[in-house]
Amino acid sequence: MKTEMVMPQMGESITEATVSRWLKKPGDTVAKDEIILEISTDKVDSEIPSPASGVLVEVRCHEGDVVPVKTVIAVIDSEGAGTMTQKAPAATPTIAASSLPAQPTATPSTATPTSPVAAPIPDGESEASRFYSPLVMSLAQVNNISLAELERIPGSGQGGRVNKQDILRYIETKSAASASVTTTPAAPISAAAPAPSRPVATPSSKVPVIGEWQEDGTKIIPMDAMRSAIAEHMVRSKATSPHVYSVQEVDVTNISKWRNANKKLFANTEGFNLSFTPFFLEAAVRALVKFPHVNASVQDKKIILKRNVNLGCAVALENMGLIVPVIKRAEEKNFVGLARALNDIANRARSKKLLPDDVSGGTFTVTNPGIFGTIIGTPIINQPQVAILCLGAIKKRPVVIDDAIAIREVCYLTLSYDHRIVDGMLGGQFLAFIREYLEGWDINRPLS
């Protein structure tokens, strides 16, 4: 029996996803629920399991293809039979020789590289007739490939789309063609002949090879889909919100003592270690309930207050990316509940198990670069929110208490906030509440 595997719908608003990487190839044996490919959307990267056990006999899309949801992407033969194929999603039309652009004159000894030839673009066409993934557009921009030129590249992806392999093959061919033009003696041009429309390539204008070191000591690495989304989101946030920053020093000695006294019991009870982050999450939730204008968003000239505290927690990923999964209705959770929720979303983020709904609907964000030793940070607001709290590293420092010097565990908290609706007074009061909440932690407080 053959089982068709379809591109899953990762959320109500998701209509397509990019195939990032196939972990299995046709002919490989797969087990049910074994991860066989990775996909990427504009919200999350996810690992997709096999829907059945058997042999992967057919793959219908390539890495880099953007595939609509519910489209068949692979076929699994549960009986291990069948002919294994890697189906080309779309046939490339044959182009008549008369319609090809004129090639540079070459001597009989000059070899012409074999590669896909760009088909002519229809006259008057100025907009893209195909969808291009962020990776393809990035490669085109880096290599000075115009939209018109991109439209002429034959695509082997879903529905004739240009994928990563198509454009890299085209770039390599273009580079080789430029090199052959440079080494071929130019024929004399008669006085009546028109001047060439574009300059002949020179060694200094050689198209750089993506991912390889160049002669000038640089290497070009295209952004992946996640990094492109982060870049766009951060630039838009800076353009949208006038950022203001406030910093307060917090003595977390009591919290550290309480954690040390309870972390063994906590680990035995919950099955994971107790970090410092849940303490700050609880304090932030209490502050957001007290100061609802920080748990808000701006729409035109209206302030939208949020009834629930949906707490975003920034998680650093191994591939240098960053994702912000959300703890929904955080105001309804106690300390242990927040710690469990944080552990759950962090683990699922790093193992690519998050769904788009897990990273949407946040009303406030907490980020903790302090775990990497950062003392003070000034993070960018996660739109459409109006504030983000940054946790600095906890360090032992000499401080003055009752005119005496003492060694205390201290960290710095930074609040980045949108000055359209959060003023310095509100930002200061919000931070002061968190500081007092943490410094007043009861060291005799029970774990649950």
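Values reported hereafter were calculated over all heavy atoms of this structure, with side chains retained and with hydrogens, waters and symmetry mates removed. Worth saying up front: this structure is predicted, and the values here are computed from it rather than measured.
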Handout entry: For Thr277, all residues meeting side-chain hydrogen bond (donor to acceptor under 3.5 Å, both in side chains), sequence neighbours excluded
Key = Asn368
Problem - Thr374 side chain to Gly377 backbone, donor-acceptor under 3.5 Å - result: no
Problem - Electrostatic pair Glu149:Arg152 at N-O distance under 4.0 angstrom - result: no
Exercise for the section: Give a yes or no on whether a salt bridge exists between Glu58 and Arg60, defined as a side-chain N under 4.0 angstrom from a carboxylate O. Expected result: yes
Practice task
With sequence neighbours left out, write down each residue that passes side chain to side chain contact (heavy atoms under 4.5 Å, CB included) with Leu265, or none if nothing qualifies.
Solution key: Thr269, Leu447
Exercise for the section: Say whether, by atom type as modelled, one donor and one acceptor occur between the side chain of Asn334 and the main chain of Gly337 under 3.5 angstrom. Expected result: yes
Completion exercise
Separation between OG (Ser360) and NZ (Lys328), nearest 0.5 Å, reads 4.5 Å
Practice task
Can you measure from CD1 (Ile171) to CG (Asn143) and round to the nearest 0.5 angstrom?
Solution key: 3.5 Å
Completion exercise
Looking only at heavy atoms, the pair that brings Phe291 and Leu426 closest together is CD2-CD1, 3.7 Å
Exercise for the section: Could you walk me through whether Leu342 and Leu281 pass side chain to side chain contact (heavy atoms under 4.5 Å, CB included), step by step? Expected result: CA-CA 9 Å; Leu342 175 64; Leu281 297 187; 4.0 Å; yes
Handout entry: Least distance between heavy atoms, Ser416 atom then Thr378 atom
Key = OG-C, 3.9 Å
Exercise for the section: List for me each residue that meets ring pair (Phe, Tyr, Trp, His ring centres under 6.0 Å) alongside Trp441, sequence neighbours excluded, and say none if there are none. Expected result: Trp258, Phe279, Phe335
Fill in the blank from the handout: Those residues at least two apart in sequence (or on a different chain) that pass side-chain hydrogen bond (donor to acceptor under 3.5 Å, both in side chains) with Asn310 are none
Problem - Residues Glu38 and Lys352 bridged, charged N to O under 4.0 Å - result: yes
Problem - Partners meeting side-chain hydrogen bond (donor to acceptor under 3.5 Å, both in side chains) with Lys333 (sequence neighbours left out) - result: none
Problem - Heavy-atom neighbours of Lys238 NZ exceed 12 at 6.0 Å - result: yes
Practice task
Might you point out which heavy atoms bring Tyr417 and Val422 nearest each other, and give the distance in Å?
Solution key: CD1-O, 3.3 Å
Fill in the blank from the handout: Between the CD1 atom in Ile303 and the NZ atom in Lys301, the distance rounded to the nearest 0.5 Å is 12.5 Å
Fill in the blank from the handout: Across all chains, not counting sequence neighbours, the side chain to side chain contact (heavy atoms under 4.5 Å, CB included) partners of Ala31 are Glu34, Ser53
Practice task
Using a 4.5 Å cut-off on heavy atoms from C-beta on, say whether the side chain of Lys395 contacts that of Cys411.
Solution key: no
Handout entry: Cys390 backbone acceptor or donor facing Thr367 side chain under 3.5 Å
Key = no
Problem - Nearest atoms (heavy-atom pairs only) where Ser50 meets Val30 - result: OG-CG2, 3.7 Å
Problem - Side-chain (Asn347) to main-chain (Asn343) donor-acceptor, under 3.5 angstrom - result: yes
Exercise for the section: Give the C-alpha distance, both sets of side-chain angles, the deciding distance and a yes or no for side chain to side chain contact (heavy atoms under 4.5 Å, CB included) between Leu391 and Val366. Expected result: CA-CA 8 Å; Leu391 316 181; Val366 176; 4.0 Å; yes
Practice task
Side-chain contact test, heavy atoms from C-beta onward, threshold under 4.5 Å: evaluate it for Tyr412 versus Gln248 and give yes or no.
Solution key: no
Problem - Spatial distance of atom CD (Glu332) from atom CD1 (Ile327) [nearest 0.5 Å] - result: 13.0 Å
Completion exercise
Contacts of Phe272 meeting ring pair (Phe, Tyr, Trp, His ring centres under 6.0 Å) (sequence neighbours excluded), chain-then-number -> Phe266
Exercise for the section: To the nearest 0.5 angstrom, please state how far the CZ atom of Arg236 sits from the OG atom of Ser241. Expected result: 9.5 Å
Handout entry: Intermediate values then yes/no, side chain to side chain contact (heavy atoms under 4.5 Å, CB included), Leu37 and Leu23
Key = CA-CA 5 Å; Leu37 82 154; Leu23 304 178; 5.6 Å; no
Handout entry: Main-chain N/O of Thr240 paired with Gln383 side-chain donor or acceptor, under 3.5 Å
Key = no
Handout entry: Residues which pass side-chain hydrogen bond (donor to acceptor under 3.5 Å, both in side chains) with Asn308, listed by chain and number, not counting sequence neighbours
Key = Glu331
Practice task
Determine yes or no for a side-chain-to-main-chain donor-acceptor pair under 3.5 angstrom, with Asp65 supplying the side chain and Val67 the backbone.
Solution key: no
Problem - Interatomic spacing from OH in Tyr437 to CD1 in Ile255 - rounded to 0.5 Å - result: 9.0 Å
Problem - Lys32 NZ: over 12 foreign heavy atoms closer than 6.0 Å - result: no
Handout entry: Side-chain donor or acceptor of Arg259 paired with backbone N/O of Leu274 under 3.5 Å
Key = yes
Practice task
Check whether any side-chain heavy atom of Lys174 lies under 4.5 Å from a side-chain heavy atom of Ile145, and answer yes or no.
Solution key: yes
Practice task
Not counting sequence neighbours, list each pair that qualifies as a side chain to side chain donor-acceptor pair (under 3.5 Å) and has a residue in residues 285-294.
Solution key: none
Exercise for the section: For the pair Arg340 and Glu270, find out whether any cationic side-chain nitrogen is under 4.0 Å from an anionic carboxylate oxygen. Expected result: yes
Problem - Qualifying residues under ring pair (Phe, Tyr, Trp, His ring centres under 6.0 Å), relative to Phe430, sequence neighbours excluded - result: Phe364
Handout entry: Short side-chain to backbone donor-acceptor contact, Asp28 and Lys25, under 3.5 Å
Key = yes
Practice task
Decide side-chain hydrogen bond (donor to acceptor under 3.5 Å, both in side chains) for Thr363 and Gln385; before the verdict, give the C-alpha distance in whole Å, the side-chain angles of both, and the deciding distance to 0.1 Å.
Solution key: CA-CA 6 Å; Thr363 60; Gln385 300 165 26; over 6 Å; no
Handout entry: Polar side-chain atom of Asp33 near backbone of Pro49 as donor-acceptor pair, under 3.5 Å
Key = no
Practice task
Test Val324 against Val359 for side chain to side chain contact (heavy atoms under 4.5 Å, CB included), laying out the working first.
Solution key: CA-CA 6 Å; Val324 186; Val359 294; over 6 Å; no
Problem - Name of the residue among Thr414, Leu415, Val247, Val250 meeting side chain to side chain contact (heavy atoms under 4.5 Å, CB included) with Leu431 - result: Leu415
Handout entry: Pairs satisfying salt bridge (Lys or Arg N to Asp or Glu O under 4.0 Å), at least one member in residues 274-283, at least two apart
Key = Glu282-Arg445
Handout entry: Within residues 228-247 or reaching into it, pairs that qualify as ring-ring contact (aromatic ring centres under 6.0 Å, His included) - sequence neighbours excluded
Key = none
Exercise for the section: Considering non-hydrogen atoms only, spot the tightest contact between Ile345 and Cys313 and give its length. Expected result: CD1-CB, 4.2 Å
Exercise for the section: Would you check if the side chain of Glu4 reaches a backbone N or O of Lys2 as a donor-acceptor pair within less than 3.5 Å? Expected result: no
Completion exercise
Residues Ser46 and Leu354: closest non-hydrogen pair is OG-O, 3.4 Å
Handout entry: Side-chain heavy-atom pair Arg348, Asp358 within 4.5 angstrom cut-off
Key = yes
Exercise for the section: Report yes if the side chains of Ile434 and Leu413 come closer than 4.5 Å at any heavy-atom pair, otherwise no. Expected result: yes
